[in-house]
Protein chains: 2
Amino acid sequence: MTIKDVAEFSGVSVSTVSRVLNQHPDVSEVVRGRVMDAVRELHYVPNNSARDLVKTRTDAIGVVVRGAENPFFTPVIRSIENAAEDAGYEMVLHQIQSGAGELEAAAALARSKRLNGLILLGGCYDYTPEQTAALGVPFVCCTYTNRFGRLDPASYSSVSIDDRAEAYRAVQLLLSRGHRAIAVLLDSVSDRSISQLRYQGYCEALRDAGVALDPALVAETVEFEMPAAYERTRRLLAEGPAFSALFAIADSMAIAAMKALSDAGRRVPEDCSVIAIDGIEMSRYTVPTLTTLIQPAETIGAQAVGILAEVLAGRGGSRHLRLETTLRPGGTLGAAETDRKAR
Amino acid sequence: MTIKDVAEFSGVSVSTVSRVLNQHPDVSEVVRGRVMDAVRELHYVPNNSARDLVKTRTDAIGVVVRGAENPFFTPVIRSIENAAEDAGYEMVLHQIQSGAGELEAAAALARSKRLNGLILLGGCYDYTPEQTAALGVPFVCCTYTNRFGRLDPASYSSVSIDDRAEAYRAVQLLLSRGHRAIAVLLDSVSDRSISQLRYQGYCEALRDAGVALDPALVAETVEFEMPAAYERTRRLLAEGPAFSALFAIADSMAIAAMKALSDAGRRVPEDCSVIAIDGIEMSRYTVPTLTTLIQPAETIGAQAVGILAEVLAGRGGSRHLRLETTLRPGGTLGAAETDRKAR
DNA sequence: AACGTTCCCGGTAACGTTCCCGGTATCGTT
DNA sequence: AACGATACCGGGAACGTTACCGGGAACGTT
């Protein structure tokens, strides 16, 4: 079952078999045929470990993802896998828990598995430039933020939407409908930079509209999970001040919130408008359809491997791609005024 | 950056370094300390390819999944990963498209990567016993069916729910509420054995209740995707006969169907009851909450690696584990009679 | 004092590939 | 007819690691 067996079976040397297997030109058609026949006959499959050992590169890129429970990542990961395959790379997935030291662990994994590069998906790794450089592996960040601006932009690449600006846009949509008491639902700002950025957009939109920020309308959960979002919204409805609109920093949180609203007897959008960011598949099937800013998930994933592939090919330095969302007008937006009049 | 560098740095042989790296007993404390210091100092990370090459086993199991777009698989895969890690295995994921020859490709992958075993997740591979044996890799099937009974039960292991019986139970619940015109929503029977089994349960429940099967109420989609389920339900509502209840063979299809019902102006459960099987997270957040038979996803995944680990350890032959679902009474079930009276 | 044990440690052959280098036909050229 | 070029193939080193075998030191035992 090794290359040697194939060589003996077909009466050639191991070198020749290797050449045939790797599409090298210096081999005659007749020999190539004999070898291929032997391969089929013996059901030979090359040993990847041995192959990777002798070559320096593995032709594999790693995707380290924090919070894979977020359904938004599903299409991103799929598009990464497809794009990687098209570019001749294999994708290996590695989930990490939120916590310190995980990036080092991922880098160690990358080095031990001889991965060519890394795609960091959905997390916040506030490392110093020195620490980042110590990774020793080229990487590109996806749906990720350089918290505190500690990373030197020239030392890495990234592709994502402009979270702050898009959140600003979402909240502005609510404001333009006359809403003033706008609640925001987010997961832990301290741990999640994406959440933090979108929260900033919320704050700035309110400020620019001359609306005072009410801390009691900021509903923060400790984790991203839907049950937490549901429970937090329930508590906000029970204990917090009144609000006519809700901005959720993620579709999945919005869906949980809509359930909480419904359970509390509040209708969407009559009693409360809802808007979010992400555009996960499920958000098309809520009743009413969730109004949300759809991230170009496929493009994000494809561009990430595109940039990484360029870096790996030697050409192309660091790039920071900012993509735009597209608004899907669902049915969760209502006007604040007409609402009041209707009552 | 190799083991040799570490050996030279710490003034010992490569053998000794290897020994301390693999927790072998025959090494003194002082030397162990020196080596560990060197490892840290040089940021040494073992080369997995070389390690795998010399050992026969890789301590990795592959999960080949067909239709990873099904959100039901998410927790299953996660639990497999966790259980694998606990058992000292690494998990590698491999998605396949529906199509022939994919299992062979997966087996080739397993052999080329020297995977210890395979978990086949959510598919139907109707192979002959000879073909199966030719895989050359121990495997256990998960949410999977031995279509046509062609596989010798003694030649493999499996863990899943009893799809036929659970579907029977779901439809029985509808029947017990007085429903007679019960539609069924499923994806391609010809390609998906799970779908086929659940459809069988539907047919048998109707038959045992003395209800004639109406082919016009059998809504089949060509693919599993939610848009297909939505569209098929829409068409059923527009063109098909009246029905007071719907059995969807999967939660995700049920959610899409509920949206179609809503868009058609039909209320759930007043105008139409809905029941499904799976118990995905999203189904808790529909309005009303979906009534469904929850699969023990975590247990399924954990048991799958448990059985595989036993097989790999040499002990334990083939086992076929059938787990039970638990009914979550949501709000999508109504009575047929009271409904009619209310009108 | 000689010997057997135990405890460490080093040398070295594998593991299955790829790749470089060198070698042998074959063939056309002068 | 001798020679260079070309096409094709085999030999063997290397990749980084583990596992086996053997050997030396220290120590207790008779």
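First the proteins, then the strands, lettered A, B, ... as listed; each starts at 1.
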For this session: Evaluate the side-chain proximity of M91(A) to I77(A): yes if any heavy-atom separation is below 4.5 Å, no if none is.
Result: yes
For this session: Kindly determine whether I161(A) and R322(A) satisfy side-chain contact (heavy atoms from CB on, under 4.5 Å), including the steps that lead there.
Result: CA-CA 5 Å; I161(A) 61 169; R322(A) 288 292 165 270; over 6 Å; no
For this session: Kindly express the pairing pattern of DNA chain D in dot-bracket notation, using | wherever a base pairs with another strand and counting only Watson-Crick or G-U pairs under 3.5 Å.
Result: ||||||||||||||||||||||||||||||
Problem set entry | Inter- and intrachain pairs under salt bridge (Lys or Arg N to Asp or Glu O under 4.0 Å), touching residues 301-312 of chain A, at least two apart | E310(A)-R319(A)
Problem set entry | Inter- and intrachain pairs under side chain to side chain donor-acceptor pair (under 3.5 Å), touching residues 5-19 of chain A, at least two apart | S13(A)-T16(A), S18(A)-N22(A)
Exercise. Hey, where on DNA chain D does chain A first and last touch, going 5' to 3'? Cut-off is any atom under 4.0 Å from a heavy atom.
Worked result: dC8(D) to dG16(D)
Exercise. Does the salt bridge (charged side-chain N to carboxylate O under 4.0 Å, His left out) test come out yes or no for R78(A) and E81(A), once each step is laid out?
Worked result: CA-CA 5 Å; R78(A) 187 173 45 215; E81(A) 186 161 24; over 6 Å; no
For this session: Round to a whole Å and report the spacing from NZ of K4(A) to C1' of dA14(C).
Result: 11 Å
Exercise. In residues 34-44 of chain B, what residues come within less than 4.0 Å of DNA chain C, judged by heavy atoms?
Worked result: none
Seminar exercise, completed: Between CG of L53(A) and P of dT17(C) the distance, given in whole Å, is 12 Å
Seminar exercise, completed: Of G11(B) and A50(B), the one whose closest nucleotide on DNA chain C sits nearer the 5' end is G11(B)
For this session: Identify, residue by residue, the members of residues 13-24 of chain A with a heavy atom below 4.0 Å from DNA chain D, and return them in order of residue number, or none.
Result: S13(A), S15(A), T16(A), R19(A)
For this session: Please state how far atom CG in D26(A) lies from atom P in dC21(C), giving the value in whole angstrom units.
Result: 14 Å
For this session: With the side chain counted from C-beta on, respond yes when T2(B) and N47(B) share a heavy-atom pair under 4.5 Å apart, and no when they do not.
Result: no
Exercise. Roughly how many Å is it from CG in N48(A) to P in dC15(C), rounded to a whole number?
Worked result: 19 Å
Exercise. Are R40(B) and D37(B) ion-paired here, with the side-chain N under 4.0 Å from a carboxylate O?
Worked result: yes
Exercise. 5'-most contact on DNA chain D: V30(A) or P46(B), nearest heavy atom basis?
Worked result: V30(A)
Exercise. Are V92(A) and V63(A) side-chain neighbours, meaning at least one heavy-atom pair lies under 4.5 Å?
Worked result: no
Exercise. Among L118(A), V311(A), L115(A), L308(A), whose side chain to side chain contact (heavy atoms under 4.5 Å, CB included) with F139(A) holds?
Worked result: L118(A)
Exercise. Any side-chain heavy atom of I300(A) within less than 4.5 Å of one from Q295(A)?
Worked result: yes
Seminar exercise, completed: V54(B) has its side chain closest, among dA14(C), dT18(C), dG16(C), to dA14(C)
Problem set entry | Rounded interatomic separation in angstrom, taking CG from D59(A) and C1' from dT17(C) | 15 Å
Exercise. Does some side-chain heavy atom of R111(A) sit less than 4.5 Å from a side-chain heavy atom of V137(A)?
Worked result: yes
Exercise. Are I119(B) and V64(B) close enough that some pair of their side-chain heavy atoms sits under 4.5 Å apart?
Worked result: no
Problem set entry | Side-chain donor or acceptor of N116(A) paired with backbone N/O of D59(A) under 3.5 Å | yes
